[in-house]
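Worksheet: the structure to be examined is printed underneath.
Reminder, nothing fancy here: chain letters follow the sequence lines and each chain counts from 1. As the structure is a prediction and not an experimental result, all values here were calculated from the model.
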2 protein chains.
Amino acid sequence: MSNLAGSIELYIRRLLAASPNAAIHLQRKELAEHFACVPSQINYVLSTRFTPERGYLVESRRGGGGYLRIRKLDLNRDKVLQLLELRQSLTGQNLSLQKATDFVCRLVEARLVTRREGLLMNAVISLEQQKRDDALEIVRGLMLARMIEVLLHEI
Amino acid sequence: MSNLAGSIELYIRRLLAASPNAAIHLQRKELAEHFACVPSQINYVLSTRFTPERGYLVESRRGGGGYLRIRKLDLNRDKVLQLLELRQSLTGQNLSLQKATDFVCRLVEARLVTRREGLLMNAVISLEQQKRDDALEIVRGLMLARMIEVLLHEI
DNA sequence: GGTAATATAGTCAGTGAAGGTCAAAGAGGG
DNA sequence: CCCTCTTTGACCTTCACTGACTATATTACC
């Protein structure tokens, strides 16, 4: 593994392996210093090697006392594969409202998501899109409100 | 918790947990002295950690004998309905990503939604908004994909 | 009672310390 | 030579913390 990205990947994987709970907590800056590279190199490694598809979850925080938290998730292989295929079939794909709700239906039937979760998904994907011109904050509020509203019928 | 703000947050939360009625009464100045920081640091902690979105209510009084009173409010179905009405009556209210996720977090804590459902909500409300220029169908696919991706971490 | 002094708490803008993004240059393999 | 993966650095956003200034109670004194 002669390249930098590979070395950093290996290093992180070893830390993870040595961690009792398969999770590590570190600082981007320090890691970069350890490898004598620019900090953004760490982002490159994380975004190419520690992806959800590979079963990793990366969380972070900016500002003073900022950090990176990397977790290795242990997943039920079959279900993951199913969902992953579904997910990949969706990204960037054109999807009419009808098809989208059909799809959610199938997820529920296959017991990959609960009925309530299905309701949530439908609530969001069926939101009217005229909201696209609104400010981001407003859209967020609308989505939250819609999701909660749907769940309220189920509580 | 290496941050000052984090330490203060923890300290207050412990006081609250130890309090029989989930309410505490203290002085800003004394708290600041306890942590050897400027008093306004306490305001910072209160305004970022003990917000209504997280279910806290902070009251205060200035002048001699001034104080801070911090309460943790419990959230039930009726409260959600109220909040929802409030939100819907205020369509166009700003809602930062931070506040939105805080609120979802609170819903989960109050057991009004499951952890998975909370993850779904967060997945959608945190979607980057550059997608606003994309066609409606694509946005739908992205939302679904994002929701599924998040569920993957939970299987 | 009115007013000045004192004792609190609130606000806000500035500074510094993280991490994030993106585009362009570099390196290697077919 | 071309394509892909890697590496870098300039610029951006978020978070933490501070201190000067402001606002509001209470207390003391006349």
What's touching nucleotides 7-9 of chain C from the protein side, N or O pairs under 3.5 Å?
| residue | atom | partner | partner atom | Å |
| --- | --- | --- | --- | --- |
| dT8(C) | O4' | G63(B) | O | 3.0 |
| dT8(C) | O2 | G63(B) | N | 2.9 |
| dA9(C) | OP1 | R28(B) | N | 2.8 |
| dA9(C) | OP2 | K29(B) | N | 2.9 |
| dA9(C) | N7 | R28(B) | NH2 | 3.4 |

Same cluster for V58(A) and I8(A) if Ile/Leu/Val/Met/Phe/Trp/Tyr side chains link at under 4.5 Å? yes
Please determine whether residues I42(B) and L16(B) belong to a single hydrophobic cluster, defined as Ile, Leu, Val, Met, Phe, Trp and Tyr linked transitively by side-chain heavy-atom distances below 4.5 Å. yes
In 5'-to-3' order, the base (B), backbone-only (S) or no-contact (-) status of each nucleotide in nucleotides 23-30 of chain C, using a 4.0 angstrom heavy-atom cut-off, is --------
Using a 3.5 Å distance criterion without hydrogens, assess whether the side chain of R106(B) forms a donor-acceptor pair with backbone atoms of P52(B). yes
Under the 3.5 angstrom rule, does the side chain of S47(A) hit a backbone N or O of Y44(A) as a donor-acceptor pair? yes
Nearest non-hydrogen partners of F50(B) and E9(B), listed with the distance: CZ-O, 3.7 Å
For L68(A) versus S60(A), what's the shortest heavy-atom pair and its separation? CD2-CB, 3.7 Å
Which residues share a side chain to side chain donor-acceptor pair (under 3.5 Å) with R54(B), sequence neighbours left out: D102(B)
With heavy atoms under 4.0 Å as the rule, sort S40(A) into base, sugar-phosphate or nothing. base
Answer with base, sugar-phosphate or nothing: what part of the nucleic acid does R49(B) contact at a heavy-atom distance below 4.0 Å? sugar-phosphate
Given dA16(D), is OP1 or OP2 found less than 4.0 Å from the side-chain N or O atoms of Y44(B)? yes
Would you mind reading off the bend of the helix from dG1(C)-dC30(D) to dG30(C)-dC1(D) from its two end axes, five pairs each, to 10 degrees? 0°
Strictly below 4.0 Å, heavy-atom distances to any atom of DNA chain C: list the hits from residues 11-19 of chain A, or just say none. none
Where the side chain of L4(A) is concerned, which of dC15(D), dT7(D), dT18(D) is the nearest nucleotide? dT7(D)
In residues 20-41 of chain B, what donor-acceptor pairs under 3.5 Å come from side-chain atoms, sequence neighbours left out?
| residue | atom | partner | partner atom | Å |
| --- | --- | --- | --- | --- |
| N21(B) | OD1 | S19(B) | OG | 2.8 |
| Q27(B) | NE2 | G66(B) | O | 2.7 |
| R28(B) | NH1 | N43(B) | OD1 | 2.6 |

